[in-house]
Amino acid sequence: MPRYIRAFVPGGTFFFTVGLLERRRRLLTEHIDDLRAVFAAARARRPFTIDAIVVLPDHLHCLWTLPPGDCDFSGRWHEIKSRFSARIPKGERLSGRRQRKGERGIWQRRYWEHVIRDPRDFERHFDYLHYNPVKHGHVGRVGDWPYSSFHLCVRRGIYPPDWAASDAVRALSME
């Protein structure tokens, strides 16, 4: 069994990339209300702050800050992924291993996490996350993507409505 090295920083801020097993599927945006509901339920049971989020059809990026003394982001992701999977109609192809383990074929088993080290690191990931729908060709302007915290950031004065990422952010690859 693999042993993943995770960065357990109590009260830390983390950047995550979480993807579907089959990247051609559009489950996250097709079932956005289910995804929102499982996030809300997970936060109600075990609070954490969503500093920023973007949901694309086949993957999502988040910036989370955990409460002081708490470093269990993996338990939260397990809950979110399993509860979302339970809400989606069955029908996906399953490998023999997934069948034997009684798993669904919705999510990639792993996800990518990065500990945010300082304010500049936070800003780079914050901008990268919000620019992602443009990067993947879903929209021509960041503000045209509906499944993003970008709109909240505009209302709070963090970004102007016509914001576009810098060349440095456009060149980043964090997936």
Side-chain angles (χ1 to χ4, degrees), residues 1-7 13-43 48 50-64 73-116 121 124-153 164-165 167-175:
M1 172 186 281
R3 294 194 55 195
Y4 303 109
I5 299 172
R6 296 277 184 210
T13 299
F14 303 86
F15 174 84
F16 298 101
T17 300
V18 183
L20 294 180
L21 180 62
E22 296 181 43
R23 295 296 291 256
R24 65 174 172 69
R25 297 184 84 185
R26 305 180 61 80
L27 294 175
L28 299 180
T29 52
E30 289 173 355
H31 298 277
I32 193 71
D33 291 335
D34 293 310
L35 187 61
R36 287 177 175 141
V38 298
F39 262 90
R43 290 179 68 206
F48 61 96
I50 299 174
D51 300 298
I53 187 168
V54 66
V55 178
L56 292 108
D58 61 349
H59 71 286
L60 60 87
H61 297 289
C62 302
L63 276 163
W64 290 2
F73 55 80
S74 59
R76 287 170 172 89
W77 276 119
H78 176 76
E79 178 180 346
I80 289 166
K81 290 166 74 173
S82 63
R83 289 181 183 270
F84 180 78
S85 296
R87 295 174 75 119
I88 302 301
K90 292 186 177 184
E92 70 273 10
R93 290 177 287 145
L94 296 175
S95 67
R97 182 175 184 197
R98 285 190 187 264
Q99 288 174 359
R100 285 189 302 278
K101 294 181 94 175
E103 294 178 353
R104 295 286 308 269
I106 305 290
W107 298 98
Q108 291 179 0
R109 282 196 178 96
R110 297 174 198 92
Y111 52 86
W112 190 76
E113 107 271 343
H114 166 79
V115 177
I116 299 298
D121 193 30
R124 280 182 345 123
H125 285 82
F126 194 79
D127 287 350
Y128 173 84
L129 175 155
H130 288 115
Y131 185 72
N132 215 249
V134 175
K135 175 188 173 206
H136 286 284
H138 296 295
V139 292
R141 295 176 342 127
V142 175
D144 292 340
W145 188 250
Y147 313 115
S148 171
S149 57
F150 176 78
H151 308 285
L152 178 62
C153 293
D167 290 340
V169 169
R170 291 178 189 166
L172 293 173
S173 179
M174 298 182 196
E175 296 179 24

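Basis for what follows: all heavy atoms, side chains included, without hydrogens, waters or symmetry-related copies. Positions are given from 1, in the same order as the sequence printed here. Treat the numbers as computed from the prediction; the structure is a model and nothing was measured.
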Would one find more than 12 heavy atoms of other residues, nucleotides or ligands at under 6.0 Å from atom NE2 of His78?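 Not buried by this count: 12 neighbours or fewer within 6.0 Å.
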
Quick one: which of Phe73, Trp112, Phe48 gives a ring pair (Phe, Tyr, Trp, His ring centres under 6.0 Å) with Phe16?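 With Phe16 as partner, Phe73, Trp112, Phe48 yield a single ring pair (Phe, Tyr, Trp, His ring centres under 6.0 Å), made by Phe73.
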
Where [X] and [Y] come nearest, the two heavy atoms and their spacing:
X: Gly143; Y: His151; result: O-CE1, 2.9 Å
X: Leu56; Y: Trp145; result: CA-CZ2, 4.0 Å
X: Leu35; Y: Leu60; result: CD2-CD2, 4.1 Å
X: Thr29; Y: Val55; result: CG2-O, 4.0 Å
X: Asp58; Y: Arg25; result: CB-O, 3.5 Å
X: Phe126; Y: Cys153; result: CZ-SG, 3.4 Å

Could you give me the CA-CA distance, side-chain angles and deciding distance for Ile106 and Leu20, then say whether side chain to side chain contact (heavy atoms under 4.5 Å, CB included) is met? CA-CA 6 Å; Ile106 305 290; Leu20 294 180; 3.9 Å; yes

Can you tell me how far apart [atom1] ([X]) and [atom2] ([Y]) are? Round to the nearest 0.5 Å.
X: Ile116; Y: Phe14; atom1: CD1; atom2: CZ; answer: 9.5 Å
X: Arg24; Y: Leu27; atom1: CZ; atom2: CG; answer: 9.5 Å
X: Arg141; Y: Tyr131; atom1: CZ; atom2: OH; answer: 13.0 Å
X: Ile50; Y: Leu63; atom1: CD1; atom2: CG; answer: 10.5 Å
X: Asp51; Y: Trp64; atom1: CG; atom2: CH2; answer: 11.0 Å

How would you list, by chain and number, every residue that makes a side-chain hydrogen bond (donor to acceptor under 3.5 Å, both in side chains) with Arg83, sequence neighbours excluded?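 If we apply the side-chain hydrogen bond (donor to acceptor under 3.5 Å, both in side chains) test to Arg83, skipping adjacent residues, the hits are Glu79.
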
Of all residues at least two apart in sequence or in a different chain, which pass the side-chain hydrogen bond (donor to acceptor under 3.5 Å, both in side chains) check with His114?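 side-chain hydrogen bond (donor to acceptor under 3.5 Å, both in side chains) check on His114 returns Arg117, Asp121.
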
Once you measure the plane-to-plane angle for Phe15 and His61, does it fall in the parallel (<30°), tilted (30-60°) or perpendicular (>60°) bin?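 If you compare the ring of Phe15 with that of His61, the planes turn out parallel.
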
According to the interplanar angle, ranging from 0 to 90°, do the rings of Tyr111 and Trp77 count as parallel (below 30°), tilted (30 to 60°) or perpendicular (above 60°)?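 Because their plane-to-plane angle lies in the 30° to 60° range, the rings of Tyr111 and Trp77 count as tilted.
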
Full working for side chain to side chain contact (heavy atoms under 4.5 Å, CB included) between Val54 and Phe150: CA-CA 8 Å; Val54 66; Phe150 176 78; over 6 Å; no

Heavy atoms, side chains only, cut-off 4.5 Å: are Glu113 and Ser74 in contact?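 Side chain of Glu113 against side chain of Ser74, heavy atoms only: no contact under 4.5 Å found.
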
Can His59 and Asn132 be counted as having a side-chain donor-acceptor contact under 3.5 angstrom?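 The answer is yes; a qualifying pair exists.
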
Any donor-acceptor N/O pair, Lys81 side chain to Gln108 backbone, under 3.5 Å: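 The answer is yes, because a donor-acceptor pair under 3.5 Å joins these two groups.
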
Is the backbone N or O of Ile53 less than 3.5 Å from a side-chain atom of Ser149, with the two atoms forming a donor-acceptor pair by type?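 Between the backbone of Ile53 and the side chain of Ser149 there is a qualifying donor-acceptor contact (under 3.5 Å).
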
